[in-house]
Student: 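Just passing along the structure, written as structure tokens.
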Amino acid sequence: MQNNSQKTACALTTTDKGLIVSGLRDFSAAQIFDCGQCFRFDGGEEGSGDRASLRGATKFSGVAFGRFAAFTDLPPDENGAVLLAEGVTEEEFKTVWADYFDLQTDYSAIKTEIISRFDEACRREDKTIRQAVERGCGIRILRADPFETLISFIISQNNNIPRIKKTIAALCAAYGEPIKVDRNISGDEAQTRYAFPTPEAIAAAGEEGIRALKTGFRAKYIVGAAEAVAEGSLDLAALAAADGEEARERLQQLRGVGPKVAGCVSLFGLHHLDAFPVDVWMKKVLALRYPDGLDIDALGRFRGVAQQYLFYNERWI
DNA sequence: CGCCAGGATACCC
DNA sequence: GGGTATCATGGC
């Protein structure tokens with residue numbers, strides 16, 4: 001599902017307000033950062049634009065791969081969606097953020113296949129998936145760091161999103177490397193940002209060090225996973241290259257990693273788009289929207305993307 | 001006080 | 001194999 005024409009379609013322009021990325025397809029920073037796949041970006045802050053066109057736009061700022069940046073959706077033009085990236089150079093966008101946002105993947109083609117597979121599985125025209133795809137039309141599956149995703153979703157178990165974000169922020173502040181913040185990002189100069197801790201840093205912190213961050217019963221799971229990666233017994237890069245089912249089974253061998261966490265790590269951290277994590281929200285979707293049952297395995301190789309459309313649709317309905 | 005939160009585990013039958 | 005109490009913590 002690679003599309004070279006799309007790769008070259010997005011255009012970069014450096015302005016005094018930041019880097020303008022135009023010609024984006026199937027893209028919404030707000031939807032991407034608000035659909036539960038990423039815990040390190042915070043929004044809500046109004047775009048500080050002095051122009052009417054920026055009013056109401058939400059800026060999301062945060063850290064990925066040890067880099068702090070802010071992203072704001074601008075009104076689309078005739079070439080597609082437009083994104084304002086602050087604290088990002090053209091070179092950095094091309095080498096880091098374009099890959100993070102999975103810009104080389106054609107999500108229009110994915111949507112078409114998803115709808116087709118759902119129709120087949122339901123043996124009718126499925127209105128639910130159409131509504132979900134429409135509502136979350138700008139969602140993309142981030143290519144997030146595998147280790148960060150693993151630890152983040154271990155923390156997510158039996159937890160709520162605000163507290164998950166708070167705990168991860170505390171983990172980064174305590175054991176992550178401080179990041180030099182670009183002074184051009186207005187309003188954010190004063191705060192020190194932190195990279196996600198390395199496996200070695202978390203392993204060295206030990207169970208007591210991690211428990212001190214109010215991680216509760218998850219502390220031993222977090223340290224165990226970090227130790228496995230640090231000592232090399234768990235090779236996440238190999239799992240990214242492996243079959244989706246094989247990756248999920250290997251992840252579930254870790255204590256504190258069950259089907260749901262393994263599914264989220266596979267989908268968001270390893271980019272296995274066939275992973276379909278079922279959480280309380282998805283159980284609600286399945287019971288409410290598909291009362292006659294739904295064969296997950298029949299939903300095709302992009303069912304993980306469909307899962308995000310359905311999750312977003314149900315959470316913000 | 002109780003219940004819930006992007007669950008997993010140990011233990012029950 | 002399928003049910004269920006328990007696990008830390010904080011918000012409501």
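Everything numeric in this text was worked out from a predicted model, so none of it was measured. Convention: sequence-line order gives letters A, B, ...; per-chain numbering from 1.
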Student: Go through the steps to decide whether Asp102(A) and Arg143(A) satisfy the test salt bridge (charged side-chain N to carboxylate O under 4.0 Å, His left out), and finish with yes or no.
Tutor: CA-CA 6 Å; Asp102(A) 198 24; Arg143(A) 290 182 181 267; 2.9 Å; yes

Student: Assuming nearest nucleotide by heavy-atom distance, tell me which of Asp279(A) and Arg255(A) is located more 5' along DNA chain B.
Tutor: Asp279(A)

Student: Ignoring hydrogens and angles, state whether a donor on the side chain of Glu231(A) or Ser233(A) is under 3.5 Å from an acceptor on the partner side chain.
Tutor: yes

Student: Using heavy atoms and a sub-4.0 Å distance, could you list which residues of residues 157-176 of chain A are near DNA chain B? By number, please.
Tutor: Gln157(A), Asn158(A), Asn159(A), Asn160(A), Ile161(A)

Student: Report, as yes or no, whether the 6.0 Å neighbourhood of atom CD on Gln253(A) holds more than 12 heavy atoms from other residues, nucleotides or ligands.
Tutor: yes

Student: Can you check the distance between dA5(B) and dG2(C), where both ends of the measurement are the P atom (answer in whole Å)?
Tutor: 24 Å

Student: Heavy atoms only, 4.0 Å cut-off, all strands: where does Gln252(A) land among base, sugar-phosphate and nothing?
Tutor: nothing

Student: So what does Leu254(A) hit on the nucleic acid, given a heavy-atom distance under 4.0 Å: a base, only sugar-phosphate, or nothing?
Tutor: sugar-phosphate

Student: Whether the Arg248(A) and Gln252(A) side chains hold a donor-acceptor pair (N or O, under 3.5 Å, no angle test) is what I'd like checked.
Tutor: yes

Student: At 4.0 Å (heavy atoms only), tell me whether Gly256(A) reaches a base, stays on the sugar-phosphate, or touches nothing.
Tutor: sugar-phosphate

Student: Indicate, with a heavy-atom threshold strictly under 4.0 Å, whether Val257(A) touches base, sugar-phosphate, or nothing.
Tutor: sugar-phosphate

Student: With sugar-phosphate meaning primed atoms plus P, OP1 and OP2, does Pro259(A) contact a base, only sugar-phosphate, or nothing at under 4.0 Å between heavy atoms?
Tutor: sugar-phosphate

Student: Heavy atoms only, 4.0 Å cut-off, all strands: where does Glu314(A) land among base, sugar-phosphate and nothing?
Tutor: nothing

Student: Centroid distance below 5.5 Å plus an interplanar angle below 30 degrees: do Phe311(A) and dG6(B) meet both conditions?
Tutor: yes

Student: Set out, line by line, the N/O atom pairs under 3.5 Å between protein and nucleotides 1-3 of chain B.
Tutor:
none

Student: List the residues meeting ring pair (Phe, Tyr, Trp, His ring centres under 6.0 Å) with Tyr194(A), not counting sequence neighbours, and say none if there are none.
Tutor: none

Student: Using the P atom in both, what is the distance from dC4(B) to dA5(C), to the nearest Å?
Tutor: 13 Å

Student: Can you name the residues that form a side chain to side chain donor-acceptor pair (under 3.5 Å) with Arg130(A), not counting sequence neighbours?
Tutor: Asp119(A)

Student: In whole Å, what separates the P atom of dT9(B) from that of dG10(C)?
Tutor: 23 Å

Student: With a 6.0 Å cut-off (strictly less than), is the heavy-atom count around NZ of Lys220(A), excluding the residue itself, greater than 12?
Tutor: yes

Student: Looking at DNA chain B, which of residues 210-227 of chain A put a heavy atom within less than 4.0 Å of it?
Tutor: Phe217(A), Tyr221(A)

Student: Cut-off 3.5 Å, no hydrogens considered: what does the side-chain donor-acceptor table look like for residues 198-213 of chain A, sequence neighbours left out?
Tutor:
| residue | atom | partner | partner atom | Å |
| --- | --- | --- | --- | --- |
| Thr198(A) | OG1 | Ala201(A) | N | 3.0 |
| Glu207(A) | OE2 | Arg211(A) | NH2 | 2.8 |
| Arg211(A) | NH1 | Gly216(A) | O | 3.3 |

Student: Between Glu92(A) and Arg67(A), is there a salt bridge with N-O shorter than 4.0 Å?
Tutor: yes

Student: Does His272(A) use its side chain to pair, donor to acceptor, with the backbone of Gly304(A) at less than 3.5 Å?
Tutor: no

Student: If the P atom of dC3(B) is compared with that of dT4(C), how far apart are they to the nearest Å?
Tutor: 15 Å

